[in-house]
Amino acid sequence: MSIWEYANPRRFMAWTAKVQPWAWGIAAALCGPGLIWGFFFTPEDFRMGHSVKIIYIHVPSAFIAINAWFMMLVTSLIWLIRRHHVSALAARAAAPIGLVMTVVALLTGAIWGKPMWGTYWEWDPRLTSFLILGLFYLGYIALWEAIEDPDQAADLTAILCLVGTVFAVMSRYAAQFWSQGLHQGASLSLDAEENVADVFWFPLVVTLAGFVALFIALVLMRTRTEIRRRRLHAISLKARLA
Amino acid sequence: MRALLLRDLRLAIRAGGGFGLGLAFFLILATLVPLGVGPQPDRLAPIAPGILWLGALLACLLSLDRLFALDAEDGSLDLIATAPLPLEAVCTTKALAHWITTGLPLTLAAPALSLLLFLPVQALPWLTLSLLIGTPALSWIGTFGAALTVGLKRGSLLLSLLVLPLYIPTLVFGAEITRRGAEGLSTATPLALLGAITLGSIAALPFAAAAALRINLR
Amino acid sequence: MRALLLRDLRLAIRAGGGFGLGLAFFLILATLVPLGVGPQPDRLAPIAPGILWLGALLACLLSLDRLFALDAEDGSLDLIATAPLPLEAVCTTKALAHWITTGLPLTLAAPALSLLLFLPVQALPWLTLSLLIGTPALSWIGTFGAALTVGLKRGSLLLSLLVLPLYIPTLVFGAEITRRGAEGLSTATPLALLGAITLGSIAALPFAAAAALRINLR
Amino acid sequence: MTWLGQYAFDILLAYGLSLLLIVGLIARSVMVSRAMRRKLEDAGE
Amino acid sequence: METTLPLTVQGLGCRRGQSLVLRDVSFSVTPGHALILRGPNGAGKTTLLRTLAGLTPSQGGTISLPFDAIAYGAHADGLKLQLTVRENLSFWASAFGSGTSGVEQATATFDLAPLLDRRAADLSAGQRRRAGLARMVLTDRPVWLLDEPTVSLDTQRVDAFAATMRAHLAAGGIALLATHIDLGLDAKTLDIAQFAAATRAPTDPVTDPFAEAVE
Amino acid sequence: METTLPLTVQGLGCRRGQSLVLRDVSFSVTPGHALILRGPNGAGKTTLLRTLAGLTPSQGGTISLPFDAIAYGAHADGLKLQLTVRENLSFWASAFGSGTSGVEQATATFDLAPLLDRRAADLSAGQRRRAGLARMVLTDRPVWLLDEPTVSLDTQRVDAFAATMRAHLAAGGIALLATHIDLGLDAKTLDIAQFAAATRAPTDPVTDPFAEAVE
Ligand code: HEM
Ligand SMILES: Nc1ncnc2c1ncn2[C@@H]1O[C@H](COP(=O)(O)OP(=O)(O)OP(=O)(O)O)[C@@H](O)[C@H]1O
Ligand SMILES: Nc1ncnc2c1ncn2[C@@H]1O[C@H](COP(=O)(O)OP(=O)(O)OP(=O)(O)O)[C@@H](O)[C@H]1O
Ligand SMILES: [Mg+2]
Ligand SMILES: [Mg+2]
């Protein structure tokens, strides 16, 4: 059996019904302890004081916000090339999650910025490209909402996703070009020298994994909702036009 | 009248998000200005009141061009003109619907966006107040401009050419209120003048708009 | 193709001034900014490159919404799609016509208007050059956005929501070239990047636009 | 909350708003999912 | 919706754009009767109807009835494509003050019940036309001006339309119809071509001060 | 413009928006012949023509001729109102590569000479329709698909149109016409209603995976 069989709506509903509870369980099992560990049981950072605790929401949400878009890119491509409806619906399901995560990353960053940089907002390239990413999410969601025919909406949003990705990456470089920022470099890299201290790093990895599980669980659930919506749509079409 | 208002609001929502989109445009503008101008707070803060007001103005403008044009294209404007609704009331309703879908959400969102441009916090209430008082004038003036250009295909640029100069007093006073608020000066005079502009527009412009519509229908 | 280009240009002129109006909008914006922001040269000069580029961007945007919409409404889009013209070429032609009616006149007029905003004289050639290289990207990106939203009535706000984020890299590099030119710094890198964006857009976006059109015609 | 030090307000605000948003997203997803399932059952499946 | 007055037009001049299309149009229709306007393409039927509806100012002459006795149905249907048929009809019903009963009546007359919840954009040409005609019933006005009402209608619907017209006339209404095809109505026809303005420019010195030499 | 091939349609499924309107449409028209599509409003005539013209993808089935043998004339005329009739026609002439001789021929066929220098906006409904039909002559393509071509035309022009059609067919052309009224053409008719898709939703599991229960 080809792997694409799992993208048949019926089969998808069947296997996700089994997988979904596990995803939720893992998400809860990782996010809860991770956040509690991070919030209650980490020491003060020598520079940032206790404000370093914000990292346990800030970094995972930023990570999900970026990667949700890449997941949408991949599923859009699958839809355009192989015409698997579930794939398009998964992209639609992921977009609001990405938007919320972008907002969370922006908010936590802004709040963190007040004690650290003395201002809520700074036109730092990292921050700016995140704001732009939020705009791309908004446009993508608005286009989905504006078109009635689901297949047509799937096609157009998929094209927008492809073009948008290219321009979002270019915006990122443009923003870097346009101002040198205050923001942290990549400290989760494998390069040990830049990494944050281990005390901060372990709970961070746990919450990060937890957010990934949460994202998967949410995408599955929302995709199932979208599939049911499509089914309902098909039923109502039949009834209306019979 | 209520029917027309409801119809227009419904159309705004149905056709892909009247409310949200005016806002989104405003948000985008607040993002683009620093990208064009540069990220320095000391450069952005002084221009913030002007830019925010300009953004409100452009967001209104962008949604104006189809205020009557859509109705003219599908023939409903002819039919509305022969219905027992005075054209003055039609224009008022159209302006009100336009304000509800653009001016009002802009007013509500402006404080959040003003943070992006480093507007001082003490100016926020003044920004909101000036937008609340001033945006109706934008909608009513815009309705007049839309009525003037309704017959013309691709009228949207002509429309902006006509409407933007009419927007100047509103813009000047609105930005002035916010700027004075930011600097802690008295705002009574510009507030009174802005209020007068809005009241005058609401009272008089529907008649001008209706006259323009009648001429364009000929 | 030449016929389509000529037809579009003729329509732009006939329908009340394609050329003039983009310009007029640009002029009004250059006038409104000092009114909103305040008249001080030392406040205006640093923001001039950004504002001029923003003006070009918005002037382009404002004329985009009817690029395909008019043809869709009167049925000619269906007929063009069945004519022996590849849709990719149609999109390219439309973008070219849009650039000739908005981007080109803006480029020519920008030096004159920049004086209103106290842009330093040594930046003028850089402003013109950056607009010349950058505005085609605006037209081609805009054509793609217009093709995406052609089926939707009142799509113009959705259009700006989709198109403005795509305009960001162009805006940043364009304004940066002008700013560096004003300060006498090297402009080679942003010029190369801006050129790359324009060339890439011209090469790739007509295909995306044609695909979107085909989907919308269904 | 003194153990959070001088940044207590910021930390609590950040955690509060974020959890609000994320929990809101989850709650909405669950509610819509339930509603959709119910609608589908009403439609005969 | 009642009028005891006939629609009398006396010496009417009709203009379209900048040219005078018809001059000295005179006719009279008594309540309960319809008048069918005939004439080749470009004769001025639409122009006459628009003038009677008050959309274009007349060039001299008199119309006996006030504009608000008149309901006008144009070439275009005036449907909002984004709204459902029901929403379209209820809007016109409240604009003309005829309420939900009006909508029900119009729906029944033009057999629109199965289409009520469809967007107007998803209708075929003939279905749109029917929704457009239903508006006339809603207006509850005594004088109907209809410009090629049966365009795109199939034969069965043309008959239904004729029946509606007869009911309107039986209730004391008046109708003016511009059409090129036979509607199966028992009505007088008026050939518009006879009123064609001989010279097509408005040269009457009273209306155009530049009609005479200026130096 | 010549085809020696017949237009043969086999088992075509036609969809409009999200619903399957027609299924298993099969017919064949040989060169020199016209086929008149009949069917009540909403039967799917426009849908069939759009599918044949390649604007809407078909749902299964085959069409024997390539899309670029086909010229499509829709409900709307596709005239640019701001341009003169001449400018409109020359545009289509160069799009289809038929040059000025094509424009002259089309002008003569539809008697457009006096209107050539008027803006399309200043034409009456029937005059616009004539300008729209003239485009078909310009295309120089063997297969004409016409959707209610005689709407708004007066009787004399309908005869002129019928003559043009006969000339097109005599030259070996093919025509499909959707219409509700008699055109005075000697042609077979095809009742579209027989192809109506029984249930109107695209319930074929091959095309819509949501046609079956999902759980
Ligand atoms: C609105 C403001 C901010 C935004 C949009 C933002 C965005 C981001 C993004 C996108 C990442 C990278 C996550 C990843 O690649 O996985 C990140 C990481 C990080 N941010 Fe922020 N940030 C903001 C403000 C701040 C502030 C004010 C601070 C602290 C002073 C901060 C500290 C960090 C740290 C320590 C990391 C982890 C570095 C890494 O591992 O890459 N951020 N942020
Ligand atoms: N805006 C305009 N400016 C000048 N002349 C116009 C304008 N609009 C129409 N005309 C001309 O006025 C005349 C009358 O047009 P009208 O639309 O009334 O004709 P009609 O009898 O309704 O024809 P049809 O049967 O084709 O609908 C026509 O010759 C037309 O070309
Ligand atoms: N966008 C759409 N979505 C769904 N259904 C549609 C859409 N457009 C049209 N329909 C429906 O498809 C059917 C076929 O329409 P079509 O326009 O082909 O009919 P037609 O035979 O041309 O009718 P007419 O004689 O009225 O022009 C109609 O029942 C119509 O309501
Ligand atoms: Mg007419
Ligand atoms: Mg049809």
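Here the structure is a predicted model, which means the values were calculated and not measured.
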[atom1]/[X] to [atom2]/[Y] distance, rounded to the nearest 0.5 angstrom?
X: D/Leu21; Y: A/Ser61; atom1: CG; atom2: OG; value: 10.0 Å
X: D/Leu20; Y: A/Leu107; atom1: CG; atom2: CG; value: 10.5 Å
X: A/Thr108; Y: D/Ile11; atom1: OG1; atom2: CD1; value: 12.5 Å
X: A/Lys53; Y: D/Asp10; atom1: NZ; atom2: CG; value: 13.5 Å
X: D/Tyr15; Y: A/Ile111; atom1: OH; atom2: CD1; value: 12.0 Å
X: D/Arg28; Y: A/Arg222; atom1: CZ; atom2: CZ; value: 7.0 Å

Among the options A/Met221, A/Arg224, A/Glu226, pick out the one with the most heavy-atom pairs lying under 4.5 Å from chain D. A/Met221
I need the residue from A/Ile97, A/Leu218, A/Thr225, A/Val103 with the largest number of non-hydrogen atom pairs under 4.5 Å to chain D. A/Thr225
Restricting to non-hydrogen atoms, name the atom on D/Leu40 and the atom on A/Ile235 that form the minimum distance, rounded to 0.1 Å.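 In terms of heavy atoms, the two residues are closest at CD1-CD1, 4.1 Å.
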Is it the case that over 12 heavy atoms from other parts of the model lie below 6.0 angstrom from the CH2 atom of A/Trp22? no
Let me know if D/Leu17 has heavy atoms under 4.5 Å from chain A in its side chain, its backbone, both or neither.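 The side chain, not the backbone.
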Less than 4.5 Å to any heavy atom of chain A: does that hold for the side chain of D/Arg37, its backbone, both, or neither?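 For D/Arg37, backbone and side chain are both near chain A.
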Looking at A/Val104, A/Ile54, A/Val100, which one forms a side-chain contact (heavy atoms from CB on, under 4.5 Å) with D/Ser18?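 Testing each of A/Val104, A/Ile54, A/Val100 against D/Ser18, the sole residue satisfying side-chain contact (heavy atoms from CB on, under 4.5 Å) is A/Val104.
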